[in-house]
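Numbering starts at 1 and runs along the sequence shown. When reading the values below, keep in mind they use all heavy atoms of this one structure, side chains included, and skip hydrogens, waters and symmetry mates. What you are looking at is a predicted structure, and each value in this text was computed from that prediction instead of being measured.
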Amino acid sequence: MARPLTRLARLTLRTKVTMVVVAAAVLAIGITVVASYRSISDLVANELERGLEDRADTVTTLLGAARKPPVRPDITEQLLLSDGTVRPLNPGRDRLPVSDADRRVARTGTGSSRQDVFVKGREYGVLTKPLPDGGAVMVGQHYQGLVRVENAFLWRVPWTTVAATGLSAVLSWIVLGRILRPVRRLARATGRITTTQDLSTPLPPAGADEIGQLTRSFDTMLGALRRSRAQQQQLVQDASHELRTPLTSVRGSAELLQRARGRLDPKDEEQILTTLVTETTALDELVRELVELATDRYTGEDPTSVDLPSVAEDSARRYRQRTGRDISVTVEGPVPVRARPRALQRCVDNLLSNAVKFSDAPAPIAIHIDGSRLTVRDHGPGIAPDDRHAVFDRFFRGPRTQSIPGSGLGLAIVHDIITADEGTVFATGATDGGAEVGFRLPPHPEKPDRRSLQFPREHHQ
């Protein structure tokens, strides 16, 4: 049983659909033949019965007028007297057998008798009806005409079935070939992409039907893959560039210590060791954020209704304890937002970390929430107008922040998380100095569940 199913699974879609069409055609023809045969048989049988009735009435009328009925090649007539004597009306024809029912009709002059008999291998339908002057007339008609009609019908059925089945198979094969031609083109294109790994391979033109929708879906998927590959390549290039500087510094410091072998002044040695620790810490932060940016560990979260002020208060409290900075949270007309809770908290943490890094103590940091918009305000060097979109690029460093340590990935992570949740990010300069960086998320129609506002504590170095 498994082998035929395996063979069937190996057939092409065109062959499978053609087989279904042929099977449906054969089934339809079979049902039509059976219904037609029964209808024709009933029709011919009814015609035979009416023919016997009409012939018997005609013979009775002609005999009453002392006239001889005309001879018909398919009909045999005979008189059956009341005493059971048979008198043929068509000399030379075979006599019809007489039954007790026929004799009773002839004797009593009432009723009629209908039966099928065989005479020398030929089947007859016989009708016996009484005569007005006594006796009865027996009319028999053989079934050769009916058999001839049935044989002609049954002879045509196989040829008609074969012709109709063959025609349906050929037409379905041709039509399916034309219908599935875009599918074959799409399969060849995707096979070429799989073999060559060339995502720029063009797909065949898309129509307005379901196959066209499939082609457009494939094209959209290829576009997403092309963008993802380009982002990966850019990430690798940027990462290699950013890793080169701290690695060069670490290597130079280590080689200097190796050559000196204890001959350095303690202050110089302490400075070199401090440089090593600083650069390895920067490397650790850079690698950690690179891994987080590449893997997007928040993709397993489902967007839900989140209370934005609760997220801001939680992040502000932790950063107050960690840095001792003055961080305030103000709220104006808050609404629930649709976001991933853990990812959203990471965004607020990154914005606060960025503000702490670029503004010296004791300058305050302010978080302001207006509806579904969150803004973090610092008093650092600010952002140049030309850099307000570039600050969300990976590894971006403006002219005013080149000397400040950092990976340059914090705002890029914010951008990726917020845009994945259908939000927008922004960065502007404050009128009295500093920067305002934040995001806006789509409102959520449902009231947030307070249980979703309890965020697990994450350790950030």
Any donor-acceptor pair under 3.5 Å from Ser315 side chain to Ala312 backbone: no
Under 3.5 Å donor-acceptor, Arg325 side chain and Ala363 backbone: yes
Reported CG-to-CZ distance for the pair Leu308 and Arg440, which is rounded to 0.5 angstrom: 11.0 Å
Any donor-acceptor N/O pair, Arg320 side chain to Ile327 backbone, under 3.5 Å: yes
CZ on Arg346 to CG on Asp349, rounded to 0.5 Å: 7.0 Å
Residue pair Asn350 / Val348, side-chain heavy-atom distance below 4.5 Å: no
Expected output: side-chain Asp378 to main-chain Ala435 donor-acceptor under 3.5 Å: yes
Heavy-atom side-chain proximity of Ile418 to Leu441 below 4.5 angstrom: yes
From Ser359 atom OG to Arg377 atom CZ, the distance as rounded to the nearest 0.5 Å: 9.5 Å
Pairwise distance NE2(His415) to NE2(His389) - rounded to 0.5 angstrom: 10.5 Å
Test: Arg340 and Asp421 ion pair at under 4.0 Å: yes
Side chains of Arg50 and Asn46, donor plus acceptor under 3.5 Å: no
Side chain to side chain, Glu436 and Thr375, heavy atoms closer than 4.5 Å: yes
Side chain His379, main chain Pro364, donor-acceptor under 3.5 Å: yes
Verdict with supporting geometry, Thr330 and His368, side chain to side chain donor-acceptor pair (under 3.5 Å): CA-CA 5 Å; Thr330 58; His368 180 67; 2.7 Å; yes
The single option from Val22, Val170, Val21 passing side-chain contact (heavy atoms from CB on, under 4.5 Å) against Thr165: Val22
Side-chain touch Val391/Val437, heavy atoms, less than 4.5 angstrom: no
Nearest non-hydrogen partners of Ala343 and Ile417, listed with the distance: CB-CG2, 3.5 Å
Parallel, tilted or perpendicular: ring planes of His142 versus Tyr124, cut at 30 and 60 degrees: perpendicular
Distance (rounded to the nearest 0.5 Å) between Phe392 CZ and Phe426 CZ: 8.0 Å
Check: Thr195 side chain, Arg192 main-chain N or O, donor-acceptor pair, under 3.5 Å: no
Distance-minimising heavy-atom pair for Val376 and Leu374: CG2-CD2, 3.9 Å
Glu422, CD atom: more than 12 neighbouring heavy atoms under 6.0 Å: no
Derivation and outcome, salt bridge (Lys or Arg N to Asp or Glu O under 4.0 Å), residues Arg251 and Glu255: CA-CA 6 Å; Arg251 181 178 178 179; Glu255 289 177 348; 3.0 Å; yes
Exercise: identify the closest heavy-atom pair between Ile369 and Pro309: CD1-CA, 3.4 Å
Residues, nucleotides or ligands: over 12 heavy atoms within 6.0 Å of Gln271 CD: no
Between CG on residue Leu225 and CD1 on residue Ile193, distance to nearest 0.5 Å: 9.0 Å
Val331 side chain reached by Pro334 side chain, heavy atoms, under 4.5 Å: yes
Least distance between heavy atoms, Arg114 atom then Gly125 atom: NH1-CA, 3.6 Å
Where Arg55 and Ile75 come nearest, the two heavy atoms and their spacing: CG-CD1, 3.9 Å
Donor on one side chain, acceptor on other, Arg338 and Ser372, under 3.5 Å: no
Residue pair Leu52 / Val126: nearest heavy atoms and the distance that separates them: CD1-N, 4.5 Å
